[in-house]
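Written below as structure tokens is the structure these notes are about.
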Protein chains: 2
Amino acid sequence: MGQDMSGTSLDFSARLRAAGLRPTRQRVALARVLFEAGHRHVTAESLHAEVKATRIPVSLATVYNTLNQFRDAGLLREVVVAPGRSYFDTNTGHHHHFYVEPDGELHDFPSDKVTVAGLPPPPKGTRLNRVDVIVRVKR
Amino acid sequence: MGQDMSGTSLDFSARLRAAGLRPTRQRVALARVLFEAGHRHVTAESLHAEVKATRIPVSLATVYNTLNQFRDAGLLREVVVAPGRSYFDTNTGHHHHFYVEPDGELHDFPSDKVTVAGLPPPPKGTRLNRVDVIVRVKR
DNA sequence: AAGTTGTTTAGAACAGTTCTAAAAACTGCA
DNA sequence: TGCAGTTTTTAGAACTGTTCTAAACAACTT
């Protein structure tokens, strides 16, 4: 008799495996926190704090490793909006961000209604990768 | 008889004074490096390296202080494009950026031809501050 | 020139992130 | 199921970029 594998662990294991990552205890725990509810924005610290509540031991170093791996695997997107802190977004589709200063709150908005027109061509020897629109708002 | 005040020192002194900042040796030296040629992008480290060549002693702490003060005074604009490093742009007018990954090179482009349409209204209780468009390109 | 205030400085401190090397855990195979 | 081979996790050190501290110094005022 194996352990209790009910719930969504198996789904996450499969997803991780599909991404070329071994489904370890800590990766599954992190994936669960990240992906089981709707879209989220986390920092390494905030995710670490959250996963501690699940009683599965995960070190901060592992949180960093995992966030980078998930990002590299396309499971997360890194968002750079403030100096000295990286946000990770579980929404990897096309969208943009509101950034509320000085709180550091981040909100997605879909990009389907947004048009960015009149961009100059990329500098010589480079090709376009992504266009980020950050709408900075104040309280 | 005062020291040799020829050149542009006086202009920078006046500009600093106008911004509410005492025109100290190091602030004038930094202002000169920053503003005497065309528009520039610097980091604290790169500016520190440059100002050392002028033989006017400026500590790294002062470079940081000064960049922050210049930014607060509206003489510079801070650009956040990469985690763990702040860029400062002497161009404070409306414009956007190309960011060349992974070099970390930054290029301005004017915003007059660029239109960003269809943005959703700012979240409740906030008002728009600025819209940043970052075009990320790869080699 | 003296006093007052603001600025600079070296170095310590700090935040966020990555590295290291040893222990633990996953996986495939007998 | 047990074992070998490989990957992952971990605590803690290390590292990077930035800010802080408090003492020395420079700029302005009189």
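Chain letters run A, B, ... following the sequence lines, proteins first and then strands; every chain starts at 1.
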>> Within this structure, what is the OG1-CD distance for the pair A:Thr43 and A:Glu45, rounded to the nearest 0.5 Å?
In response: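 If we round to the nearest 0.5 Å, A:Thr43:OG1 and A:Glu45:CD are 6.5 Å apart.
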
> If you measure from NE2 on A:His94 to OG on A:Ser111, what distance do you get to the nearest 0.5 Å?
Replying inline: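 The NE2 atom of A:His94 sits 6.5 Å away from the OG atom of A:Ser111.
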
> When you check every protein heavy atom under 4.0 Å of nucleotides 20-30 of chain D, what one-letter string (B, S, -) results, 5' to 3'?
Replying inline: B------BS--

Whole Å only: how far is the [atom1] atom of [X] from the [atom2] atom of [N]?
X       : N      : atom1 : atom2 : value
B:Leu67 : D:dT18 : CG    : C1'   : 11 Å
A:Phe70 : D:dT8  : CZ    : P     : 11 Å
B:Leu16 : C:dT7  : CG    : C1'   : 13 Å
A:Arg27 : C:dA24 : CZ    : P     : 19 Å
A:Gln69 : C:dT17 : CD    : C1'   : 15 Å
A:Ile56 : C:dC26 : CD1   : P     : 11 Å
B:Arg71 : D:dT18 : CZ    : C1'   : 12 Å
A:Asp72 : D:dT8  : CG    : P     : 13 Å

> Parallel under 30°, tilted from 30 to 60°, perpendicular over 60°: which one fits the rings of B:Phe109 and B:Phe98?
Replying inline: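 Tilted: the ring planes of B:Phe109 and B:Phe98 meet at 30° to 60°.
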
>> Which is more 5' along DNA chain D, the nucleotide nearest A:Val58 or the one nearest B:Leu60? Just name the residue.
In response: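 The answer here is A:Val58.
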
> Would you find a donor on one side and an acceptor on the other, under 3.5 Å apart, between the side chain of A:Thr90 and the backbone of A:Arg40?
Replying inline: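 Answer holds: yes.
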
> Going by heavy atoms closer than 4.0 Å, what residues in residues 73-90 of chain A are next to DNA chain C?
Replying inline: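 Residues of residues 73-90 of chain A that come under 4.0 Å of DNA chain C are, in numerical order, A:Gly84, A:Arg85, A:Ser86.
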
> Given D:dT19, C:dT9, C:dT18, which nucleotide is nearest the side-chain atoms of A:Asn68?
Replying inline: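 So the nucleotide nearest the side chain must be C:dT18.
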
>> As a test of reading the structure: which of D:dT19, C:dT9, C:dT17 is closest to the side chain of B:Tyr64, going by heavy atoms?
In response: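 So the side chain of B:Tyr64 is nearest to D:dT19.
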
>> Under the rule for side chain to side chain donor-acceptor pair (under 3.5 Å), what residues qualify as partners of B:Arg136, not counting sequence neighbours?
In response: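 Residues passing side chain to side chain donor-acceptor pair (under 3.5 Å) with B:Arg136: A:Asp132, B:Glu101.
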
>> Whether the B:Asp108 and B:His97 side chains hold a donor-acceptor pair (N or O, under 3.5 Å, no angle test) is what I'd like checked.
In response: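 Checked: B:Asp108/B:His97 side chains pair up, N/O donor to acceptor below 3.5 Å.
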
> Cluster question for you: counting only ILVMFWY and a side-chain heavy-atom cut-off of under 4.5 Å, with indirect links fine, are B:Phe70 and B:Val51 together?
Replying inline: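 Yes, B:Phe70 and B:Val51 fall within the same hydrophobic cluster.
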
> Which atoms form the tightest heavy-atom contact between B:Leu47 and B:Val63, and what is the distance?
Replying inline: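 Of all heavy-atom pairs spanning B:Leu47 and B:Val63, the closest is CD2-CG1, 4.0 Å.
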
>> Any side-chain N or O of A:Ser59 below 4.0 angstrom from OP1/OP2 of D:dT9?
In response: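 No, outside the criterion.
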
> So which of B:Thr66, B:Thr24, B:Leu30 actually passes side chain to side chain contact (heavy atoms under 4.5 Å, CB included) with B:Val58?
Replying inline: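 Single side chain to side chain contact (heavy atoms under 4.5 Å, CB included) partner of B:Val58 among B:Thr66, B:Thr24, B:Leu30: B:Leu30.
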
